[in-house]
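In what follows, a structure is listed as structure tokens, so that the remarks can point back to it.
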Amino acid sequence: MNVKLPLVLIAAGAVAAAAAPPAEDLAARAARVHKDAIVADTHEDVPEALEQKWGAYANWHDIGEPGATEHVDIPRLREGGVTAPFFAVYVPAIYAETGGAGRYALELSDMVDGMVASHPKELAAAASVADIRRAKTEGRIAVLKGIEGGHAIEDSMGALRGFYRLGIRYMTLTHTNTNHWADSAGNFFAPDYDPATYQVHHGLSDFGGAVVREMNRLGMMVDVSHVSTETVDDVLEASRAPVFASHSSCRALSDIPRNLTDDQIQRIAAKGGVVMINISSAFLDQAVVDHWTAAMAGIRPQYLSIKEQYKDDPKRRQEELDKLIKGLPKRAPTDWKKAVDHIEHVIRIAGPDAVGLGTDFDGIPDPPTGLEEVSKLPRITEELLRRGHSEEEVRKVLGENFLGFFAKVEEVSHSLAAEPPSLASTSPKP
Ligand SMILES: [Zn+2]
């Protein structure tokens, strides 16, 4: 039926439409903000996942295939709008016992270089803030490298500098092991976890302090994820540049030693650093931790007997312990919106410049429901907007906070250009 509207009403409607364009719905707004933003994710364990799947020297190109790893591949990085993933050169703690940590780190670094070289249209090797911004304008994904586990440098400043030259731009000072110069928070999920056994130096040794200062000179970001409370204190004191946590969350919301206390978050922020939120369900949700702790207590006797039986065979010991833990029923994942709660917690206690994303995809067995893999990241943008955060604040969380921190680390390095390389060593003086 054709209803004729009075002319005056049609005219009024036309004026209203011109003055206020149809409201952009939340999903469209989120898609626009996410697409324009630089999205940094400072911890993805893609190299380790590929190494476990194929071995270090095979199928680098595989990162382009859908399902290349459990959580990450190029199509899903694209769908997730990721501009700047850090692929972790993760050196398991076992290498501190068996030797070969440096060689393993070199192999994984080389593997990342191989991946990038195999996909020149999609990926760009990146090692600076400028590289990341350039890749964004070129429509490529800026792939960066960070070492996880300071034992990778095998107590050698020369090795540290060598890794910097290979493009490594951060180093997590420890993994779950205390190394020769920094205490770790330890392997807190183990049934026999005792933090005291990891407190060897009570923070950083003198050499550890020298490592941090040399990283400042080079322009390598200092990462306090995995380190002990005392090490965080020492790092904040020793470092001449801001420091960050590449993949940790808030202890106020999930009480595990891998998460940061409010006080630590505030001190990291006050120094110009950032806390990059880990999305493991255990890192996000106390209920998941409690469930896991109970399960661990149940396998304590078997765990201890494996440790005793293979005490002289670290590789076998690790295999058997992994098998035991993998045999446990899977932890129930939490809801993905908990990740946004952690982001908001950091904003509340330390301000909107102090937080970013360090998902730990491919390094965690329990991403939350709804953020199962990297393509789901735009949901975080939508939820932050839904909760009333401004577009500017959302862009900060997605990447600008991290870039601001990285830029400060670069500035400190430039300001130290006249300083000679460190000659510090753990070897006794001749
Ligand atoms: Zn880690």
Side-chain angles (χ1 to χ4, degrees), residues 40-52 69-72 85-96 101 104-105 108-109 112 144-153 163 168-179 182-190 193 195 198 220-229 231-232 235 243-251 254 256-260 264-265 268 273-284 288-289 292 318 321-322 325 331 339 342 356-368 371 373-374 402:
D41 182 358
T42 53
H43 202 84
E44 295 182 0
D45 274 305
V46 171
E48 188 215 7
L50 287 176
E51 196 271 345
Q52 287 195 349
T69 70
E70 200 178 346
H71 301 153
V72 180
F86 274 78
F87 288 170
V89 173
Y90 157 55
V91 182
I94 189 96
Y95 284 98
Y104 187 75
L108 288 203
S109 172
V112 176
L144 295 102
K145 295 182 286 190
I147 283 181
E148 179 172 36
H151 52 295
I153 65 167
F163 283 124
I168 304 282
R169 284 299 175 268
Y170 76 69
M171 183 164 74
T172 319
L173 299 184
T174 73
H175 192 245
T176 55
N177 57 307
T178 287
N179 57 41
D183 286 352
S184 169
N187 185 11
F188 68 97
F189 272 134
Y193 175 62
Y198 297 93
M220 193 187 283
M221 291 173 274
V222 179
D223 180 12
V224 297
S225 286
H226 285 286
V227 307
S228 73
T229 302
T231 305
V232 173
V235 167
V243 303
F244 82 138
S246 73
H247 59 304
S248 295
S249 307
C250 307
R251 215 181 289 184
S254 181
I256 50 172
R258 271 286 282 107
N259 282 343
L260 296 162
Q264 288 171 331
I265 293 169
I268 288 167
V274 283
V275 172
M276 311 297 281
I277 298 297
N278 186 315
I279 64 157
S280 156
S281 291
F283 284 57
L284 298 179
V288 176
V289 176
W292 183 251
Q318 197 58 48
L321 290 176
D322 287 349
I325 288 172
R331 283 176 268 176
H342 280 254
L357 305 174
T359 59
D360 211 355
F361 275 129
D362 280 332
I364 50 173
D366 59 347
L371 266 182
E373 36 78 17
V374 76
F402 171 73

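Remember, predicted model here, so these are calculated numbers, not experimental data. Counting starts at 1 for both ligands and their atoms, in listed order. Index from 1, following the sequence.
- Screening Phe361, Phe244, Tyr170 for a ring-ring contact (aromatic ring centres under 6.0 Å, His included) involving Phe86 leaves a single residue, Tyr170.
- A ring-centre distance under 6.0 Å is not found for Tyr95 and His151.
- Atom OE2 is the N/O/S atom of Glu148 found closest to the Zn ion (ligand 1).
- The closest donor-acceptor contact from the side chain of Thr172 to the backbone of Ile147 lies under 3.5 Å.
- For a distance bound of 2.8 Å, the N, O or S atoms of His43 include none lying that close to the Zn ion (ligand 1).
- Taking the six-membered ring where the residue is Trp, Tyr90 and His175 present tilted rings, their angle falling between 30° and 60°.
- Metal site remark for the Zn ion (ligand 1): His247 contributes an N, O or S atom at a distance under 2.8 Å.
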